[in-house]
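Report on the following structure.
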Amino acid sequence: MKKTLLIIAALVMSSVAFSQVQFGFGLATGSKSAWDKDDGDQTFGFGAHARALWNISEDFGLVGGFTYYLPTKIEGENLNMYGFNADGHYNFIKEDDMKVYGLAGFSLNFYKIDDTENAFGFHFGAGVTYKKFFAEAKYEFQKEIVDGYDHEGQVSAVIGIYIN
């Protein structure tokens with residue numbers, strides 16, 4: 001009997017903990033995540049985004065995410081970009097179906113032209129969730145990391161949906 005009660009308690013606690021985690025996916029854009037094929041300057045690029053949001057409390061949440069930008073090609077060179085990020089969210093507005101939040105966090109981005117380079121950065125921004133939909137924008141700070149590719153920072157945005 002004790003074993004059965006322990007198993008039931010563990011299942012209930014894990015379902016409560018799991019219900020605080022939301023998984024989502026969406027579309028992303030970055031102001032310096034692609035190369036313009038005509039002049040070689042950095043330009044907007046588009047990609048896919050996946051994330052997990054852990055609602056610690058009604059006020060705070062943590063997000064882990066992954067963004068993959070579509071590759072671009074210029075002068076016979078391919079540019080591939082993808083990154084991982086971790087954000088803290090603070091909900092300023094908490095209505096029934098809507099939350100407005102500020103965010104700050106860290107990122108680890110990978111850039112591949114010939115060799116893979118990486119850059120550590122930080123970012124801040126704001127976002128909104130409405131029912132299962134989310135949208136956010138942020139500014140990412142980082143240093144130059146690849147010769148000839150000056151990526152000191154960019155504005156990025158993502159829109160998407162939570163699937164649970």
Side-chain angles (χ1 to χ4, degrees), residues 17-36 39-72 74 79-113 115-164:
F18 186 74
S19 69
Q20 294 176 344
V21 177
Q22 295 176 281
F23 298 97
F25 62 93
L27 301 174
T29 185
S31 63
K32 294 183 179 181
S33 59
W35 276 344
D36 186 296
D39 60 15
D41 289 339
Q42 292 168 281
T43 187
F44 275 91
F46 296 93
H49 177 79
R51 67 171 46 193
L53 165 64
W54 179 35
N55 293 303
I56 297 172
S57 71
E58 194 168 306
D59 293 330
F60 294 100
L62 295 175
V63 172
F66 174 77
T67 303
Y68 177 80
Y69 290 101
L70 298 173
T72 57
I74 184 168
L79 171 64
N80 294 298
M81 294 177 56
Y82 57 94
F84 298 92
N85 61 57
D87 300 335
H89 289 188
Y90 178 76
N91 297 313
F92 292 105
I93 298 173
K94 302 170 290 258
E95 299 294 330
D96 291 337
D97 291 335
M98 184 179 76
K99 292 180 184 174
V100 177
Y101 56 89
L103 66 90
F106 300 96
S107 60
L108 180 59
N109 295 310
F110 296 87
Y111 305 85
K112 183 174 182 180
I113 297 176
D115 297 322
T116 300
E117 302 283 342
N118 59 47
F120 183 76
F122 63 96
H123 49 264
F124 68 92
V128 62
T129 58
Y130 179 73
K131 296 186 179 183
K132 291 189 167 213
F133 299 96
F134 62 89
E136 65 185 37
K138 58 187 170 186
Y139 186 80
E140 301 174 316
F141 295 95
Q142 20 186 79
K143 300 254 183 187
E144 180 179 344
I145 43 79
V146 178
D147 291 336
Y149 184 67
D150 185 19
H151 187 82
E152 292 178 353
Q154 75 170 343
V155 174
S156 64
V158 62
I159 60 169
I161 186 168
Y162 289 110
I163 56 175
N164 62 331

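Predicted model only: the values in this text are computed from it and were never measured.
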Exercise for the section: Please check if the side chain of Gln154 supplies one atom and the backbone of Ser31 the other of a donor-acceptor pair under 3.5 Å. Expected result: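 Between the backbone of Ser31 and the side chain of Gln154 there is a qualifying donor-acceptor contact (under 3.5 Å).
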Handout entry: Main-chain N/O of Gly121 paired to Asn109 side chain as donor or acceptor, under 3.5 Å
Key = no
Heavy-atom side-chain contact between [X] and [Y] under 4.5 Å:
X     : Y     : value
Met98 : Asp96 : no
Phe46 : Leu27 : no
Tyr82 : Tyr69 : no
His89 : Leu62 : no
Tyr68 : Asn80 : yes

Between [X] and [Y] (judged by ring centroids, cut-off 6.0 Å), do the two rings come close enough to count as a pair?
X      : Y      : result
Phe141 : Tyr139 : yes
Tyr101 : Tyr90  : no
Phe134 : Tyr162 : yes

If I compare all heavy atoms of [X] with all of [Y], which pair ends up nearest, and what's the gap?
X      : Y      : value
Val21  : Asn164 : O-ND2, 3.1 Å
Ile159 : Ala135 : CG2-CB, 3.9 Å
Ala28  : Thr67  : CB-CG2, 3.7 Å
His123 : Ala86  : NE2-O, 4.2 Å

Practice task
Return each pair, listed once, that meets salt bridge (Lys or Arg N to Asp or Glu O under 4.0 Å) where at least one residue sits in residues 53-68; pairs must be two or more places apart or across chains.
Solution key: Asp59-Lys94
Practice task
Sequence neighbours left out, what pairs pass salt bridge (Lys or Arg N to Asp or Glu O under 4.0 Å) with at least one residue falling in residues 154-164?
Solution key: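 Qualifying pairs: none.
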Exercise for the section: Under the ring pair (Phe, Tyr, Trp, His ring centres under 6.0 Å) rule, what do Phe122 and Phe106 come out as? Steps first, then yes or no, please. Expected result: CA-CA 4 Å; Phe122 63 96; Phe106 300 96; 7.3 Å; no
Practice task
I would like to know whether Ile93 and Lys99 meet side-chain contact (heavy atoms from CB on, under 4.5 Å); could you show each step before the answer?
Solution key: CA-CA 5 Å; Ile93 298 173; Lys99 292 180 184 174; over 6 Å; no
Practice task
Take Ile163 and Lys132 through the test side-chain contact (heavy atoms from CB on, under 4.5 Å) and record every step on the way to the result.
Solution key: CA-CA 7 Å; Ile163 56 175; Lys132 291 189 167 213; over 6 Å; no
Exercise for the section: Could you please spell out the steps behind the side-chain contact (heavy atoms from CB on, under 4.5 Å) verdict for Gln22 and Thr129? Expected result: CA-CA 12 Å; Gln22 295 176 281; Thr129 58; over 6 Å; no
Problem - Salt-bridge criterion met for Lys138 and Asp87 (N-O under 4.0 Å) - result: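 Yes, this pair counts.
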